[in-house]
Amino acid sequence: MRPLDAEHTLRAVRTGDGAALARAYSANRAHLAPWEPTRSAEFFTAEWQENHVRQCVDDAAAGRSIRFVIESSDGEIRGRVNINNIVRGAFWSADLGYWIDASRTGRGLATWAVAEVLDYARSELRLHRMQAATLRHNEGSQRVLAANGFERIGLAPEYLKIAGEWQDHLLFQRILHA
């Protein structure tokens with residue numbers, strides 16, 4: 001576990017997190033809806049989340065991805081940071097994704113959590129590059145990336161289906177000097 005501030009820590013997703021993740025996603029359903037794929041009602045259940053947690057643990061063990069939670073001192077999950085699609089070979093790269101609880105935005109928590117995950121990606125995973133994509137109008141997320149040294153590298157038309165529509169995304173990268 002890595003402390004982010006006096007109240008929050010960053011740690012890897014672990015078996016047993018399903019109920020807390022279901023509560024976090026349910027509490028943030030409206031907050032996250034404009035930024036994420038359309039979610040089924042089942043997604044917000046503890047059972048679905050725990051099944052997903054098991055997959056996350058398996059993916060981490062296999063080196064495919066590693067997902068982190070931001071946990072508050074009361075044991076509740078207040079956000080996620082994900083390293084997805086880890087590719088080795090000549091690439092040594094991955095995709096970054098994150099979200100923060102609506103009650104925790106604007107405090108720098110996402111910026112600190114992303115910084116910790118980048119340090120982990122560089123020092124533990126030995127990755128060379130991290131990529132991130134944001135919706136064109138997601139200025140908050142773009143500020144988090146800029147504060148962590150990401151540079152804009154392009155525009156991907158109709159990149160992801162978010163909130164039920166194929167939407168353009170800005171692409172960013174950060175070279176991690178290991």
Participant: Quick one: does any side-chain atom of E124 pair with a main-chain N or O of D119 as donor and acceptor, under 3.5 Å?
Facilitator: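 Not a single qualifying donor-acceptor pair exists.
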Participant: Any heavy-atom pair between the side chains of N85 and Q131 that's under 4.5 Å?
Facilitator: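 Heavy-atom side-chain distance check fails, nothing below 4.5 Å.
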Participant: Output all residues satisfying side chain to side chain contact (heavy atoms under 4.5 Å, CB included) with A115, sequence neighbours left out; order by chain, then residue number.
Facilitator: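 Applying side chain to side chain contact (heavy atoms under 4.5 Å, CB included) to A115 gives N148.
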Participant: Find the distance between NE2 (H31) and CH2 (W99) and round it off to the nearest 0.5 Å.
Facilitator: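 One gets 7.5 Å once the value is rounded to the nearest 0.5 Å.
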Participant: For the pair H128 and I175, evaluate side chain to side chain contact (heavy atoms under 4.5 Å, CB included) and give the outcome as yes or no after the intermediate values.
Facilitator: CA-CA 6 Å; H128 171 71; I175 303 300; 3.6 Å; yes
Participant: Evaluate side chain to side chain contact (heavy atoms under 4.5 Å, CB included) for V117 paired with Y98, printing each intermediate quantity in order.
Facilitator: CA-CA 10 Å; V117 167; Y98 51 89; over 6 Å; no
Participant: Say you draw a straight line from OG1 of T15 to CZ of R54; how long is it, rounded to the nearest 0.5 Å?
Facilitator: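 T15 OG1 to R54 CZ: 7.5 Å, rounded to 0.5 Å.
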Participant: Can you hop from L96 to V13 via hydrophobic side chains spaced under 4.5 Å?
Facilitator: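 Per the 4.5 Å side-chain linkage, L96 and V13 are not co-clustered.
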Participant: Using the rule given for side-chain hydrogen bond (donor to acceptor under 3.5 Å, both in side chains), can you reason through D95 versus N84, listing the C-alpha separation, both sets of side-chain angles and the distance that settles it, and then say yes or no?
Facilitator: CA-CA 5 Å; D95 294 312; N84 295 314; over 6 Å; no
Participant: In Å, rounded to the nearest 0.5 Å, how long is the span from CZ of R11 to CG of L4?
Facilitator: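 Between atom CZ of R11 and atom CG of L4 there are 12.0 Å.
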Participant: Between D59 and Q55, does any side-chain donor sit less than 3.5 Å from a side-chain acceptor?
Facilitator: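 There is such a pair (donor and acceptor under 3.5 Å, judged by atom type) between the side chains of D59 and Q55.
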Participant: Quick check for you: to the nearest 0.5 Å, what is the distance between S73 atom OG and R78 atom CZ?
Facilitator: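 It comes to 8.5 Å.
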Participant: List the residues meeting ring pair (Phe, Tyr, Trp, His ring centres under 6.0 Å) with W35, not counting sequence neighbours, and say none if there are none.
Facilitator: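 If we apply the ring pair (Phe, Tyr, Trp, His ring centres under 6.0 Å) test to W35, skipping adjacent residues, the hits are H137.
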Participant: Which of these passes side-chain hydrogen bond (donor to acceptor under 3.5 Å, both in side chains) with H8: E71, R2, R104?
Facilitator: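 In the set E71, R2, R104, the residue that makes a side-chain hydrogen bond (donor to acceptor under 3.5 Å, both in side chains) with H8 is R104.
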Participant: Could you grab the distance from atom CD of E116 to atom OG1 of T9, nearest 0.5 Å is fine?
Facilitator: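 One finds 11.0 Å between CD of E116 and OG1 of T9.
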Participant: Once the angle between the rings of F43 and Y25 is folded into 0 to 90°, is it parallel (under 30°), tilted (30 to 60°) or perpendicular (over 60°)?
Facilitator: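 If you compare the ring of F43 with that of Y25, the planes turn out perpendicular.
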Participant: Hey, could you give me the CG/CZ distance between L145 and R152, rounded to the nearest 0.5 Å?
Facilitator: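 That separation rounds to 12.0 Å.
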Participant: Given Q49 and D17, is the side chain to side chain contact (heavy atoms under 4.5 Å, CB included) satisfied, shown in steps?
Facilitator: CA-CA 8 Å; Q49 288 297 325; D17 281 340; over 6 Å; no
Participant: Apply side chain to side chain contact (heavy atoms under 4.5 Å, CB included) to residues I66 and L125 and explain how you reach the verdict.
Facilitator: CA-CA 10 Å; I66 184 160; L125 300 177; 4.2 Å; yes
